[in-house]
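Report on the structure given below.
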Amino acid sequence: MTATAERQMELTLPMIPDIEIAAARAAGNLARELGMASESIDEMAHAMIEACINAREHSGSADKRIYVKIAGASLSEGNSRIDIWISDRGRGFDVTEARTRRQKLGSVHKRGWGLQIIEAHMDEVSIETSTDGTTIHMVKYGRRSE
Amino acid sequence: MTATAERQMELTLPMIPDIEIAAARAAGNLARELGMASESIDEMAHAMIEACINAREHSGSADKRIYVKIAGASLSEGNSRIDIWISDRGRGFDVTEARTRRQKLGSVHKRGWGLQIIEAHMDEVSIETSTDGTTIHMVKYGRRSE
Amino acid sequence: MTDELRVALDRRNPTGAVLFTKGYINNVGGEEIANRAYELMDDGVRSLLLNLRETKIVNSIGISILIEIIEKMIDKGGKIGFCCLTPVIHKTFQIMGLANYASIYTDEETALREMGL
Amino acid sequence: MTDELRVALDRRNPTGAVLFTKGYINNVGGEEIANRAYELMDDGVRSLLLNLRETKIVNSIGISILIEIIEKMIDKGGKIGFCCLTPVIHKTFQIMGLANYASIYTDEETALREMGL
Ligand SMILES: Nc1ncnc2c1ncn2[C@@H]1O[C@H](COP(=O)(O)OP(=O)(O)O)[C@@H](O)[C@H]1O
Ligand SMILES: Nc1ncnc2c1ncn2[C@@H]1O[C@H](COP(=O)(O)OP(=O)(O)O)[C@@H](O)[C@H]1O
């Protein structure tokens with residue numbers, strides 16, 4: 001599969017209530033232009049919402065900003081790929097520890113589902129985190145909407 | 001008056017409906033931290049809203065983003081100053097021509113009030129515009145809220 | 001984040017009503033108010049008070065739609081009043097000249113009395 | 001931009017009701033639903049259907065508040081049902097295990113029948 005069209009967008013958003021919607025909507029517009037099916041766009045939107053909320057609620061970043069990068073490519077046969085990076089300059093966290101904590105709770109916990117939702121809705125997810133901040137990189141593959 | 005504290009924030013926002021509220025809210029948070037009175041903050045918010053709407057509705061920018069820079073300073077005796085730059089990479093416009101058009105219409109026009117509202121709510125306003133885009137620079141001075 | 005506009009109605013009498021707004025008066029919010037106002041005008045209302053007590057943010061597109069409502073009401077021989085504006089919204093109304101076509105009252109009690117509602 | 005949450009009520013009978021939601025179920029939206037649900041539970045409702053037909057976006061904080069509502073209702077011996085979920089919201093409910101505590105129906109007709117509303 002060779003990329004035939006590329007679209008890119010970088011956003012710097014304030015950590016205010018509901019700003020996650022702005023990130024999701026911007027990515028949705030770009031994905032629609034690439035012909036991604038609406039259900040895939042909706043999954044991607046819900047993953048982005050969780051990632052932005054984590055940045056706002058947990059990062060403790062001093063600059064109170066969320067950095068969003070969206071890169072979309074049309075692949076052959078009407079397929080597309082969207083890469084999304086959501087970053088904060090906060091304190092970071094221990095991903096293994098967070099996963100263990102979640103497993104210990106079993107299925108009864110009310111909170112602590114954000115990362116699982118992100119993983120369920122996206123095709124690839126990786127997290128880079130240190131005391132300088134956190135970046136979550138997520139990939140969604142799309143088929144042309146009919 | 002010498003500056004005693006400085007705060008700065010740069011945002012890159014997508015041109016989606018109501019995104020002007022995110023810009024205004026981020027600036028409002030910063031202004032509140034500097035102790036600006038709420039009525040001044042509210043005036044600044046309404047000016048920013050008009051400037052962001054102009055960028056979204058008129059600039060025709062290809063990158064569909066609004067660049068916002070906010071710089072706040074605490075001055076002596078509880079006073080403060082906020083500088084705001086709102087930029088787009090659109091087609092630009094002829095400010096003199098826009099002003100003349102407005103005057104020709106007299107007071108009966110329904111649309112075309114954005115720039116006048118901005119000027120009424122802010123203490124200083126200047127516009128730089130070319131075929132590479134437009135930046136509106138606005139300044140608001142604040143007294144400490146009691 | 002947005003404060004989506006909501007409108008509530010107090011139908012005072014066959015020719016009079018109050019609309020209460022809550023939230024952002026932008027293009028969408030302005031259209032919402034206009035729809036409610038035109039329904040009332042079709043139903044005989046000629047004295048309409050817009051109580052903006054719970055609206056804290058407006059933009060010039062939203063206000064331009066309010067001007068259209070005022071014009072339509074004047075055409076029908078009726079009148080529009082506003083009350084409970086924040087200082088900044090009041091200032092914006094003055095800049096855009098709404099005070100020339102509509103009465104602006106500080107509180108609802110005065111507005112209801114002066115408009116005969 | 002946000003799609004602020006709104007809730008509408010259809011009180012079917014002394015122990016049954018339907019709440020319709022519109023807009024984003026975030027923390028604020030979840031609390032709004034919870035307040036309405038707890039009012040109904042205090043008023044004797046033990047069979048409550050949440051029709052999410054006009055909700056297109058949720059987040060995990062909002063859903064966690066829905067789980068609290070379900071738990072409170074189970075404590076009172078009642079039941080909560082959901083209907084008209086978008087595919088993504090349905091998937092999110094499954095991930096978070098709501099299907100273990102509450103019934104999820106595809107359409108309102110089936111939900112009303114199965115819940116005896
Ligand atoms: N951007 C972030 N910065 C710091 N900590 C984070 C970040 N994202 C997630 N975490 C940590 O990982 C935990 C698990 O996150 P998540 O699965 O989204 O659940 P929840 O947000 O509901 O706690 C959080 O409680 C938090 O401690
Ligand atoms: N960022 C911008 N890019 C291009 N044109 C602009 C921009 N801002 C303002 N303008 C031009 O100036 C005119 C006057 O703007 P304004 O006073 O805000 O009124 P309105 O937006 O209601 O037309 C607009 O109609 C538009 O032609």
Side-chain angles (χ1 to χ4, degrees), chain B residues 11 13-29 31 36-58 66 86 98 102-103 105-123 125 140 142 145, chain C residues 1-6 21-34 37-38 50 52-75 80 82 84-102 104 106:
Chain B
L11 303 173
L13 303 174
M15 286 183 172
I16 58 174
D18 293 349
I19 192 68
E20 63 272 16
I21 301 295
R25 207 147 288 180
N29 288 345
M36 192 178 266
S38 67
E39 196 173 321
S40 302
I41 293 176
D42 206 17
E43 291 181 329
M44 182 180 75
H46 278 81
M48 290 180 75
I49 284 169
E50 296 297 327
C52 289
I53 291 172
N54 277 351
R56 187 179 61 226
E57 303 298 321
H58 301 305
I66 305 173
I86 293 179
R102 185 168 76 191
Q103 272 159 12
L105 286 166
S107 60
V108 298
H109 56 303
K110 279 176 215 129
R111 296 291 300 276
W113 289 101
L115 295 173
Q116 245 168 296
I117 289 170
I118 292 169
E119 282 160 12
H121 288 331
M122 300 298 284
D123 295 309
V125 177
K140 186 82 185 170
S145 51
Chain C
M1 170 167 141
T2 316
D3 243 356
E4 213 180 299
L5 191 95
R6 306 184 193 195
T21 68
K22 186 172 190 298
Y24 185 22
I25 302 184
N26 57 4
N27 50 338
V28 180
E31 292 295 351
E32 181 107 13
I33 298 170
Y38 297 153
L50 293 174
L52 269 56
R53 195 182 48 203
E54 295 191 83
T55 282
K56 306 297 173 204
I57 318 176
V58 299
N59 72 32
S60 60
I61 305 175
I63 305 303
S64 72
I65 298 170
L66 299 184
I67 296 178
E68 283 170 18
I69 303 173
I70 297 170
E71 289 176 343
K72 288 229 170 83
M73 184 60 111
I74 289 173
D75 282 350
I80 301 268
F82 291 91
C84 311
L85 309 178
T86 70
V88 180
I89 295 177
H90 193 182
K91 187 173 160 187
T92 308
F93 273 34
Q94 284 175 319
I95 297 166
M96 289 182 66
L98 264 80
N100 303 330
Y101 313 90
I104 298 171
T106 45

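In what follows, chains carry the letters A, B, and so on, assigned in the order in which the sequence lines appear, proteins first and then strands, with residues in each chain numbered from 1. The figures that follow rest on heavy atoms only: side chains count, while hydrogens, waters and symmetry mates do not. These figures come from a predicted structure and were not determined experimentally.
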- prompt: Hey, does B:I49 have a side-chain heavy atom less than 4.5 Å from the side chain of C:Y24?
  reply: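 With C-beta onward as the side chain, the pair touches.
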
field: B:D42 vs C:K91 side-chain heavy atoms within contact, under 4.5 Å
entry: no

Rounded to the nearest 0.5 Å, what's the gap from [atom1] on [X] to [atom2] on [Y]? Could you check?
X: B:W113; Y: C:I67; atom1: CH2; atom2: CD1; result: 7.5 Å
X: C:I89; Y: B:H46; atom1: CD1; atom2: NE2; result: 5.0 Å
X: C:I63; Y: B:I117; atom1: CD1; atom2: CD1; result: 7.5 Å

Region of C:V58 in contact with chain B, defined by heavy-atom distances below 4.5 Å: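 It is both, since atoms from each part get that close.
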
field: Residues of residues 50-57 of chain B near chain C, each having a heavy atom less than 4.5 Å away
entry: B:E50, B:I53

query: Which is it for C:V88 and B:M44 under the side chain to side chain contact (heavy atoms under 4.5 Å, CB included) test, yes or no, and what are the steps along the way?
result: CA-CA 10 Å; C:V88 180; B:M44 182 180 75; over 6 Å; no

task: Evaluate the side chain to side chain contact (heavy atoms under 4.5 Å, CB included) criterion for residues B:H121 and C:T92: first the C-alpha distance (whole Å), next the side-chain angles of each, then the deciding distance (0.1 Å), finally the verdict.
output: CA-CA 9 Å; B:H121 288 331; C:T92 308; 3.3 Å; yes

